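Report on the following structure.
Convention: sequence-line order gives letters A, B, ...; per-chain numbering from 1. Predicted model only: the values in this text are computed from it and were never measured.
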Protein chains: 2
Amino acid sequence: MERATRQRAAIIEAIVMAGRPLLPEEILDAARNLVPGMALATVYRNLKLLAEDGQIRAVQLPGENTRYEPADQAHHHHFQCRVCARVFDVQACPGGLAALAPRGFTVEHHELTLYGTCGDCGRGSTRRRSLRRTKA
Amino acid sequence: MERATRQRAAIIEAIVMAGRPLLPEEILDAARNLVPGMALATVYRNLKLLAEDGQIRAVQLPGENTRYEPADQAHHHHFQCRVCARVFDVQACPGGLAALAPRGFTVEHHELTLYGTCGDCGRGSTRRRSLRRTKA
DNA sequence: TTGTATGCAAAGCGTTTGCAGTGAT
DNA sequence: ATCACTGCAAACGCTTTGCATACAA
């Protein structure tokens, strides 16, 4: 990460603007608006570098491909809508989880994912989004 | 799932005996003790069938390959040791998670994973297990 | 005997890597 | 002018699938 390239700038821009964790493919789509010919390998290489550098963070949800979000966010969790498959931030955290582990185990960290329907897809709404990977 | 084959029986046996969620590769290793020539594709095909049939359940932890456990267990969560990478059951559940979601969102389900060190790997112990995929 | 289930090998999918060429410094 | 970074394509690891054979019914 020694040089400032258009590609890297576009990737960071995409992640910061999104407001929700993005998949590499979604990042590529967004970044290509700024740098048309960009390759997917470039996205992956920069995601790794940016994550190592601490600018972004990998968001791994059960059974899902890795998404990425800006690292300058407070501890939070995620919500995945089972209708539109989009992932949203959840600012709350239950806390007290260390007590759940069996004796002899030490809890250092935790991941929580909520599933259900988001505001757009909730009952009462007649609109239904595509079942996979919508982008906004 | 119309026929009872030795392979299927060995796969079920491996999953039930394990006492913790197993990876397909681990299931193959264990099942081969009963059916030496078994192919990995057979494991995958049966895992899918058994899961559809409700006999086993997929355990998906963030960033990990899918593991499988018997389906006849009460709601519980999992703990992964960051030293030996093994996954353990955690019988407790924090509860009250539905309240964490943003307004308009409905929470139907949740997944919680705790990370830390297990009893074997905890501080004070001098033993350290292999960093990846130990089996028992 | 029938056709489900298996073993093998090839194909898929997301991600990583080798290599030659490009462009930021 | 360097050499970090890019684009392309091949390689990878895990999982799925096509096909001919085997075996439970």
The single option from B:R57, B:E26, B:E69 passing side chain to side chain contact (heavy atoms under 4.5 Å, CB included) against B:P21: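 Considering B:R57, B:E26, B:E69, a side chain to side chain contact (heavy atoms under 4.5 Å, CB included) with B:P21 is found only for B:E69.
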
Among A:L22, A:N46, A:V59, A:I27, exactly one meets side chain to side chain contact (heavy atoms under 4.5 Å, CB included) together with A:Y68. Which residue is that?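 Output: one option passes, namely A:I27.
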
Between the side chain of B:R8 and the main-chain N/O of B:R3, is any donor-acceptor distance below 3.5 Å?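 Flag set: sc B:R8 to bb B:R3 pair under 3.5 Å.
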
List for me each residue that meets side-chain hydrogen bond (donor to acceptor under 3.5 Å, both in side chains) alongside B:R45, sequence neighbours excluded, and say none if there are none.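 Result, side-chain hydrogen bond (donor to acceptor under 3.5 Å, both in side chains) vs B:R45: none returned.
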
Identify, with sequence neighbours excluded, every residue that meets side-chain hydrogen bond (donor to acceptor under 3.5 Å, both in side chains) alongside A:T66.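 By the side-chain hydrogen bond (donor to acceptor under 3.5 Å, both in side chains) rule, A:T66 matches A:Q60.
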
Consider the side chain of B:A4, meaning its heavy atoms from C-beta on, and name the nucleotide among D:dA25, D:dC14, D:dT16 that approaches it most closely.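 Looking only at side-chain atoms, B:A4 lies closest to D:dA25.
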
Over how many whole Å does the gap from [X] atom [atom1] to [N] atom [atom2] extend?
{"X": "A:L23", "N": "C:dG14", "atom1": "CG", "atom2": "P", "answer": "10 Å"}
{"X": "B:N65", "N": "D:dC12", "atom1": "CG", "atom2": "C1'", "answer": "13 Å"}
{"X": "A:L28", "N": "C:dG14", "atom1": "CG", "atom2": "C1'", "answer": "13 Å"}
{"X": "B:R6", "N": "C:dA5", "atom1": "CZ", "atom2": "P", "answer": "15 Å"}
{"X": "A:L49", "N": "C:dT17", "atom1": "CG", "atom2": "P", "answer": "12 Å"}
{"X": "B:M1", "N": "D:dA24", "atom1": "CE", "atom2": "P", "answer": "16 Å"}
{"X": "A:R8", "N": "D:dA4", "atom1": "CZ", "atom2": "P", "answer": "12 Å"}
{"X": "A:N46", "N": "C:dA24", "atom1": "CG", "atom2": "P", "answer": "14 Å"}

Using a cutoff of under 3.5 Å, can you pull out all pairs of nitrogen or oxygen atoms linking the protein to nucleotides 18-22 of chain D, with atom names and distances?
from   : atom 1 : to    : atom 2 : distance (Å)
D:dG18 : O6     : B:R45 : NH1    : 3.1

Quick one: ring pair (Phe, Tyr, Trp, His ring centres under 6.0 Å) pairs with a partner in residues 8-41 of chain A, sequence neighbours left out?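 Listed by first then second residue: nothing to list.
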
Judged by each residue's nearest nucleotide on DNA chain D, which is more toward the 5′ side, A:T42 or B:T5?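 The residue mapped nearer the 5' terminus is A:T42.
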
Near-strand residues of residues 30-38 of chain A, defined as heavy-atom separation under 4.0 angstrom from DNA chain D: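 The stretch gives A:G37, A:M38 as the residues lying under 4.0 Å from the strand, ordered by number.
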
Below 4.0 angstrom from OP1 or OP2 of C:dA24, is there any side-chain N or O of A:Q7?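 For C:dA24, OP1/OP2 do not have a side-chain N/O of A:Q7 under 4.0 Å.
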
Give the other cluster members for A:F79, using side-chain heavy-atom distances under 4.5 Å between Ile, Leu, Val, Met, Phe, Trp and Tyr residues; answer none if it is isolated.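 Answer for A:F79: A:F88, A:V90, A:L97, A:L100, A:F105, A:V107, A:L112, A:L114, B:F79, B:F88, B:V90, B:L97, B:L100, B:F105, B:V107, B:L112, B:L114.
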
Which label fits A:H109 and A:H75: parallel for a plane angle under 30°, tilted from 30 to 60°, or perpendicular past 60°?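 Because their plane-to-plane angle is over 60°, the rings of A:H109 and A:H75 count as perpendicular.
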
Contact nearer the 5' end of DNA chain C, comparing A:K48 with A:E25: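 Closer to the 5' end of DNA chain C: A:E25.
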
Start with the C-alpha gap between B:L50 and B:M1, add the side-chain angles, then the distance that decides, and say whether side chain to side chain contact (heavy atoms under 4.5 Å, CB included) holds. CA-CA 8 Å; B:L50 290 167; B:M1 285 251 306; 4.0 Å; yes

